[in-house]
Protein chains: 2
Amino acid sequence: MKKITIGRLSKAANVKVTTIRYYESIELMGKAERSESGQRLYDDSSIQRLSFIRHARDLGFAVDDIRELIELQTQSGSNCKAVDEIARSHLSSVRQRIRQLGSLETELERMVSNCKGNDIGTCQIMKSLNDHSACLSEAHDRIKPM
Amino acid sequence: MKKITIGRLSKAANVKVTTIRYYESIELMGKAERSESGQRLYDDSSIQRLSFIRHARDLGFAVDDIRELIELQTQSGSNCKAVDEIARSHLSSVRQRIRQLGSLETELERMVSNCKGNDIGTCQIMKSLNDHSACLSEAHDRIKPM
DNA sequence: CTTGCTTCTACAGTCGCTGTAGACTGTAGG
DNA sequence: CCTACAGTCTACAGCGACTGTAGAAGCAAG
């Protein structure tokens with residue numbers, strides 16, 4: 001079995017070296033074999049697994065979800081209801097986030113389009129921010145950083 | 001001048017007590033006056049400022065942006081080009097994020113709609129995740145947590 | 001006086017990495 | 001062989017914007 005170093009795995013799966021080590025530390029990737037000198041050694045199955053993880057991350061799945069997906073994958077024979085549930089739930093949170101950002105977008109557009117480049121005292125953007133009544137719907141979660 | 005405690009300020013501006021203290025620690029809010037026993041005391045101007053911050057956060061502005069907006073607001077007489085720029089730049093990052101999430105949504109929809117609830121071996125979702133060719137556009141930033 | 005809420009400080013945890021420091025290993029060229 | 005230089009190692013701090021915790025002290029009402 002051909003073994004590769006972490007750098008080659010990194011290129012093969014398009015995941016940074018530091019990230020691979022991080023995945024090992026949080027036990028998302030198993031502990032790697034080591035060479036005599038202590039360097040990590042991987043094989044094709046590591047590339048497979050890491051690629052799976054990367055695809056799932058690209059789709060926005062949380063690390064815990066991915067852990068569960070991997071768990072489910074090894075239990076062959078089980079049906080994929082659980083997988084479906086994870087995916088659907090993720091999809092719904094993506095949609096919720098899109099709606100949330102959509103209303104931000106509308107609000108920001110309104111503010112920006114009203115701005116005439118006048119002095120700060122009459123600036124519509126500042127007015128909007130200072131105006132208590134100009135706020136979005138009363139109770140919603142704070143926006144996550146971009 | 002009527003002074004209020006942190007709890008009342010919290011209710012007045014709809015910002016949690018811990019968050020107010022956090023804002024003080026990062027110098028987004030100035031240092032509060034203290035009572036003899038050491039409790040923070042605020043007045044109407046604190047409510048004003050905290051409400052401003054809250055509105056800006058609700059609109060997704062980063063703390064650093066807000067710091068700058070406050071700075072600009074005090075320099076009365078300056079025009080609002082800088083304010084406009086901050087808002088426009090924020091709007092464009094909101095739009096970018098929406099586009100990003102939109103393509104995630106499409107991809108997830110495709111995956112979920114293909115799932116027939118069969119066993120894990122034939123599950124389309126797992127297939128998609130394992131399929132190297134099923135990935136989104138080659139180079140894009142990793143998705144932020146929801 | 002007691003009960004129970006509010007406030008205080010200081011620090012750890014969230015999420016998914018990224019960056020840094022300082023040391024060691026492996027490889028290619030001369 | 002020696003010297004570069006790239007790759008790898010560990011351990012830990014930092015990001016952003018908070019949130020949660022522990023343990024102590026203050027405050028208001030009954």
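Chain identifiers are assigned alphabetically (A, B, ...) following the order of the sequence lines, protein sequences preceding nucleic acid strands; residue numbering begins at 1 within each chain.
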So, does [X] get its side chain near the phosphate of [N], meaning an N or O under 4.0 Å from OP1 or OP2?
X: Arg21(A); N: dT8(D); value: no
X: Thr18(B); N: dC18(D); value: no
X: Tyr23(A); N: dC17(C); value: yes
X: Arg34(B); N: dT9(C); value: yes

What is the separation between atom [atom1] on [X] and atom [atom2] on [N], rounded to the nearest whole Å?
X: Leu50(A); N: dC17(C); atom1: CG; atom2: C1'; value: 14 Å
X: Tyr22(B); N: dT21(D); atom1: OH; atom2: P; value: 19 Å
X: Phe61(B); N: dA17(D); atom1: CZ; atom2: P; value: 13 Å
X: Glu24(A); N: dG16(C); atom1: CD; atom2: P; value: 18 Å
X: Leu28(A); N: dC15(C); atom1: CG; atom2: P; value: 14 Å
X: Ile53(A); N: dG16(C); atom1: CD1; atom2: P; value: 12 Å
X: Ile20(A); N: dT8(D); atom1: CD1; atom2: P; value: 9 Å
X: Arg54(A); N: dC17(C); atom1: CZ; atom2: P; value: 10 Å

Side-chain contact test, heavy atoms from C-beta onward, threshold under 4.5 Å: evaluate it for [X] versus [Y] and give yes or no.
X: Leu50(A); Y: Met29(A); result: yes
X: Ile4(B); Y: Leu41(B); result: no
X: Gln124(A); Y: Val112(A); result: no
X: Leu28(B); Y: Tyr22(B); result: no
X: Val63(A); Y: Arg67(A); result: yes

Legend entry - Worked check of side chain to side chain donor-acceptor pair (under 3.5 Å) between Gln96(A) and Arg99(A): CA-CA 5 Å; Gln96(A) 198 192 324; Arg99(A) 277 197 303 276; 5.3 Å; no
Inset, instruction - Enter the distance from Ile86(A):CD1 to Leu69(A):CG here, rounded to the nearest 0.5 Å. - result: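 Ile86(A) atom CD1 to Leu69(A) atom CG measures 4.5 Å (nearest 0.5 Å).
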Legend entry - Neighbours of DNA chain C within residues 35-47 of chain A, by heavy-atom distance under 4.0 Å: Ser37(A), Gln39(A)
Taking the side chain of [X] as its heavy atoms from C-beta onward, which of [options] lies nearest to it?
X: Arg57(A); options: dT18(C), dT8(D), dC17(C); answer: dC17(C)
X: Lys11(A); options: dT8(D), dG7(D), dC18(D); answer: dG7(D)
X: Ile6(B); options: dC9(D), dT18(C), dC8(C); answer: dC8(C)
X: Thr5(B); options: dC17(C), dT8(D), dT7(C); answer: dT7(C)

